[in-house]
There are 2 protein chains.
Amino acid sequence: MRNTRADVVAAALRVLAGQGLESCSMRRVAAELDVQPSALYHHVPNKQSLLALMADEIVRRVRLASTDPRALCTELRAAMLAVRDGADVVATVEAFRLGSSAVEHRLAELVGADGGRTLLLYTFGHTQSTQTHRQAAEFGALLDSEPGEGSEPGTANAGMGEQPDDLDASFARGLDIILAGLAAAPPRERILPRV
Amino acid sequence: MRNTRADVVAAALRVLAGQGLESCSMRRVAAELDVQPSALYHHVPNKQSLLALMADEIVRRVRLASTDPRALCTELRAAMLAVRDGADVVATVEAFRLGSSAVEHRLAELVGADGGRTLLLYTFGHTQSTQTHRQAAEFGALLDSEPGEGSEPGTANAGMGEQPDDLDASFARGLDIILAGLAAAPPRERILPRV
DNA sequence: ACCTGAACACCGTTCAAGT
DNA sequence: ACCTGAACACCGTTCAAGT
């Protein structure tokens with residue numbers, strides 16, 4: 001049975017979630033589909049386009065209907081964190097569409113153009129940071145427990161400084177600050193994002 | 001004449017600024033120094049470490065002495081934008097040190113831990129977005145055609161939607177919003193970033 | 001329409017060996 | 001201490017050719 005473009009995107013997302021962006025090569029995605037690497041180029045012009053489709057799929061998971069900007073940002077964050085390196089992929093792709101991103105547009109409807117963009121880019125920044133930091137912590141945990149014999153638990157947390165997770169709460173507090181700023185000095189334009 | 005570690009970092013930054021992150025391979029950096037690729041591993045354990053040293057060098061260009069958080073963020077932004085893909089490199093590396101970054105620490109002294117982190121991660125998000133967007137615009141200016149996408153209507157503008165540069169002003173307005181939020185609801189802790 | 005097979009010009013990293 | 005040369009296991013992309 002032959003593959004469709006949706007199959008390629010789905011396979012790529014499986015590889016991304018499982019092995020991360022570094023290992024998400026065209027060749028590995030092809031292997032995931034039991035197909036030669038060159039076969040992918042029948043469904044997708046290049047790797048960048050594939051990444052864009054993957055980002056779209058991740059973002060599609062957030063419900064844009066919400067009327068609460070805080071909920072919207074939190075959901076976007078969760079959707080990105082749900083996939084390994086999801087924040088990097090989504091943030092990079094969404095940067096291309098800065099004026100025409102669906103999420104930005106929705107946020108702009110709710111809090112104005114400047115507020116919407118500020119919320120969006122803060123969300124990207126914090127979530128990328130969170131994801132990188134967590135992956136580094138995971139990796140450090142592996143290095144600590146890897147050397148089979150000799151070193152038993154009790155070794156001080158080598159490398160990482162942050163507690164298990166202040167990070168979701170930290171994100172929420174930043175959101176509060178921005179929303180407080182918007183309440184304090186409401187924007188002049190309310191509906192359309194700046195083109 | 002033999003090279004030192006600083007030479008390697010300098011060469012890597014030259015390649016980054018000139019050809020971008022994609023082309024900043026160990027092999028190209030080695031070529032920049034007229035040396036075999038393997039020679040680099042005498043100065044640096046791997047590519048990641050080299051990128052970290054490059055990020056440090058970029059960040060060192062910002063004066064931490066400033067007492068104005070707005071100036072600090074603007075300078076950090078300028079330093080990252082001054083090097084091709086500088087925002088990506090710095091943001092990725094700084095995410096590792098979330099609790100212990102020098103810039104974050106300084107910002108936390110000025111506006112509290114939550115405000116500092118919010119300002120920093122907003123700055124990363126907006127600057128990465130700006131840089132990606134500008135590079136895409138540059139690229140689009142050369143090859144002006146795109147395989148059918150058609151997700152978001154409203155922008156008839158072929159290629160890029162944003163005007164030459166709202167982006168610096170957009171950044172400044174976001175900064176205003178966050179600082180207004182901090183003024184409206186001042187943080188309880190003033191000096192130390194949260195560990 | 002969808003795929004194979006082979007090729008091209010690249011990667012990061014390791015390691016024995018030179019000076 | 002600093003570097004070479006060769007190797008290993010990878011990349012993205014193209015293209016003629018098959019079905």
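Chain A is the first sequence line, chain B the second, and so forth, proteins listed ahead of strands; every chain is numbered from 1. Because the structure is a prediction, the values reported are computed rather than measured.
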I need the [atom1]-[atom2] distance between [X] and [N], as an integer number of Å.
{"X": "Y41(A)", "N": "dG5(C)", "atom1": "OH", "atom2": "P", "answer": "18 Å"}
{"X": "E22(A)", "N": "dG12(D)", "atom1": "CD", "atom2": "P", "answer": "11 Å"}
{"X": "K47(B)", "N": "dC10(D)", "atom1": "NZ", "atom2": "C1'", "answer": "13 Å"}
{"X": "R2(B)", "N": "dG18(C)", "atom1": "CZ", "atom2": "P", "answer": "15 Å"}
{"X": "H42(B)", "N": "dA16(C)", "atom1": "NE2", "atom2": "C1'", "answer": "14 Å"}
{"X": "D34(A)", "N": "dG5(C)", "atom1": "CG", "atom2": "P", "answer": "13 Å"}

Using a cut-off of less than 4.0 Å, is there contact between a side-chain N or O of [X] and OP1 or OP2 of [N]?
{"X": "H43(B)", "N": "dC3(D)", "answer": "yes"}
{"X": "R27(A)", "N": "dA9(D)", "answer": "no"}
{"X": "N46(A)", "N": "dG12(D)", "answer": "no"}

What nucleotide among [options] has an atom nearest to a side-chain atom of [X]?
{"X": "A39(A)", "options": "dC3(C), dT4(D), dT13(D)", "result": "dC3(C)"}
{"X": "Q36(B)", "options": "dT13(C), dT4(D), dG5(C)", "result": "dT4(D)"}
{"X": "S38(A)", "options": "dG12(C), dT4(D), dA6(C)", "result": "dA6(C)"}
{"X": "V35(A)", "options": "dG12(D), dC3(C), dT14(C)", "result": "dC3(C)"}

For this session: Check every strand shown and say whether R28(B) touches a base, only sugar-phosphate, or nothing at a heavy-atom separation below 4.0 Å.
Result: sugar-phosphate

Exercise. Hey, would you say the F124(B) and F124(A) ring centroids sit under 6.0 Å apart?
Worked result: no

Exercise. How are the rings of F171(B) and Y122(B) set to each other: parallel, tilted or perpendicular (split at 30° and 60°)?
Worked result: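 Taking Y122(B) first and then F171(B), their aromatic rings lie parallel (interplane angle under 30°).
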
For this session: Kindly indicate whether the side chain of R173(A), heavy atoms from C-beta on, has any atom under 4.5 Å from the side chain of I177(A).
Result: no

Exercise. Applying a 3.5 Å limit to both distances, which nucleotide forms a Watson-Crick or G-U wobble pair with dG5(C)?
Worked result: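 The base-pairing partner of dG5(C), which may sit in any strand shown, is dC15(D).
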
Problem set entry | Test side chain to side chain contact (heavy atoms under 4.5 Å, CB included) applied to P69(A) and L175(A), L110(A), I178(A), T74(A), the passing residue | L110(A)

For this session: Look up atom CZ in R14(A) and atom CE in M54(A), then write down how far apart they are to the nearest 0.5 Å.
Result: 11.0 Å

